Q: 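Here's a structure for you.
The model shown is predicted, which means the values in this text are computed figures rather than measured ones.
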Amino acid sequence: MAWYPAATRMELQPESDAQAAIRPTQFILHSIAAPWTARRTYEFWRDSSNLESHFGLGYEGDLGQFIGTETRADANYQANRRPDGTGAVSIETASNLQHSDPWTEKQLQALIELGVWLHQKHGIPLRICRTHDDPGYGYHRLHAAWSSGGTACPGDARVRQFKDIVFPEIVRRATAAAAEPDDEQPTTPTTPAQEESVAIPISESNPRAAQLPADGTWLDIAMADAILVGPGQTYSVVAAVQIDGLQQHAKVATRFYYRNQQTGDRSYFLPMTHEVVLEVGDDAEAVEFNTIVAHHPLTHRVPDGHDLRLQVSAKNPGGVAPAYIRHRTLHGLRGI
């Protein structure tokens, strides 16, 4: 079992010992529709129900952990534990009775810090779950298989916060932490020559809207500029693009590529292409979707005379209704 050091341990028994082990691959956020502290949520799970979440979070940022993250909890229906042993980590967060209020600042910080820890501890990938069993991050109503009877949880206000604040900040902090040097590694004195090759953190964000071609053709995506990394630079990057207006069975694809600065030719030999066919509940006509395009984790070098760019395509069934990019972020290092 794994216990989060920043949470108060309030272990539920016999569930903690009796329930099956899982390999955590998802983090799903809930609102409990009650203005409870973490302690009160624990007491409810203990005294009034045989269901439970892994964590409970109060309005003041008080965080309790009830079950280790490598043990099944029951808040996510079919995501609790799958036949292959994977499962979701869940958190119930205090809310009003209609779960219509936003998370407080203290709740937001606690959710972000926990999300970063789950990535570091269990390797949960930095993307929003594309399907109900896809590893990543999500909120309760995102996929029908996560709720037995349908749900609006965690509410519209918190879904917006998840997309605009919580998830992007988890990505930013987790990426920044991965790029930090190991403090235990020996250091050498810095010279002017060495300063010229110091890695530069990339942290770019752009909320500018852009319409994707309805026929699914590729669109170049700019951050501050279309050029993500320039000629001859070494780099390691992760890009996230949020897309609105996708419908059931929409096809979404993203890819990095090198562009020849003289001829404009594109070199599609990078192993970065990601494609998914969007599956949502049968009763959902349109969804908001976020895809993470992850560069190969090793250091790469842009060929001389080229630059690194990003493309996205999205096609709804029939190729009629367009989709829209609402936000894009880029994190990583240049000059590694």
Q: Describe, in one word, how the ring planes of His122 and Trp117 are oriented to each other, choosing from parallel (under 30°), tilted (30 to 60°) and perpendicular (over 60°).
A: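 Aromatic pair His122/Trp117 classed perpendicular.
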Q: Under the salt bridge (charged side-chain N to carboxylate O under 4.0 Å, His left out) definition, can you give me all pairs with a residue in residues 87-98, not counting sequence neighbours?
A: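 Listed by first then second residue: nothing to list.
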Q: Quickly, which of Thr93, Leu63, Val166 forms a side chain to side chain contact (heavy atoms under 4.5 Å, CB included) with Gln107? Name it, please.
A: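 It is Thr93; the other options fail the test.
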Q: Any donor-acceptor pair under 3.5 Å linking the side chain of Thr25 with the backbone of Pro135?
A: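 Pair absent, no side-chain N/O of Thr25 close to backbone of Pro135.
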Q: Can a donor-acceptor pair be found, under 3.5 Å and without considering hydrogens, that links the side chain of Trp146 to the backbone of His132?
A: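 It does hold such a pair.
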Q: For the pair Tyr4 and Phe55, name the ring-plane relationship: parallel under 30°, tilted 30 to 60°, perpendicular over 60°.
A: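 Tyr4 and Phe55: perpendicular rings.
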Q: How about Arg9: does its CZ atom have over 12 heavy atoms from other parts shown lying under 6.0 Å from it?
A: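 Buried by this count: over 12 neighbours within 6.0 Å.
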Q: With sequence neighbours excluded, give me every salt bridge (charged side-chain N to carboxylate O under 4.0 Å, His left out) pair touching residues 143-154.
A: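 As it turns out, there is no salt bridge (charged side-chain N to carboxylate O under 4.0 Å, His left out) pair with a partner in residues 143-154 once direct neighbours are skipped.
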Q: Where does the angle between the aromatic ring planes of His30 and His140 fall among parallel (under 30°), tilted (30 to 60°) and perpendicular (over 60°)?
A: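 Because their plane-to-plane angle lies in the 30° to 60° range, the rings of His30 and His140 count as tilted.
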Q: Take the angle between the ring planes of His306 and Tyr258 and call it parallel below 30°, perpendicular above 60°, tilted in between.
A: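 Perpendicular, since the angle between the ring planes exceeds 60°.
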Q: Can you find a side-chain donor-acceptor pair between Tyr257 and Asp220 that sits under 3.5 Å?
A: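 Yes, side-chain donor-acceptor contact under 3.5 Å.
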Q: According to a hydrophobic-cluster definition based on side-chain heavy atoms being under 4.5 Å apart (Ile, Leu, Val, Met, Phe, Trp, Tyr only), do Ile91 and Ile22 belong together?
A: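 No, it is not one cluster - the side chains of Ile91 and Ile22 are not joined through contacts under 4.5 Å.
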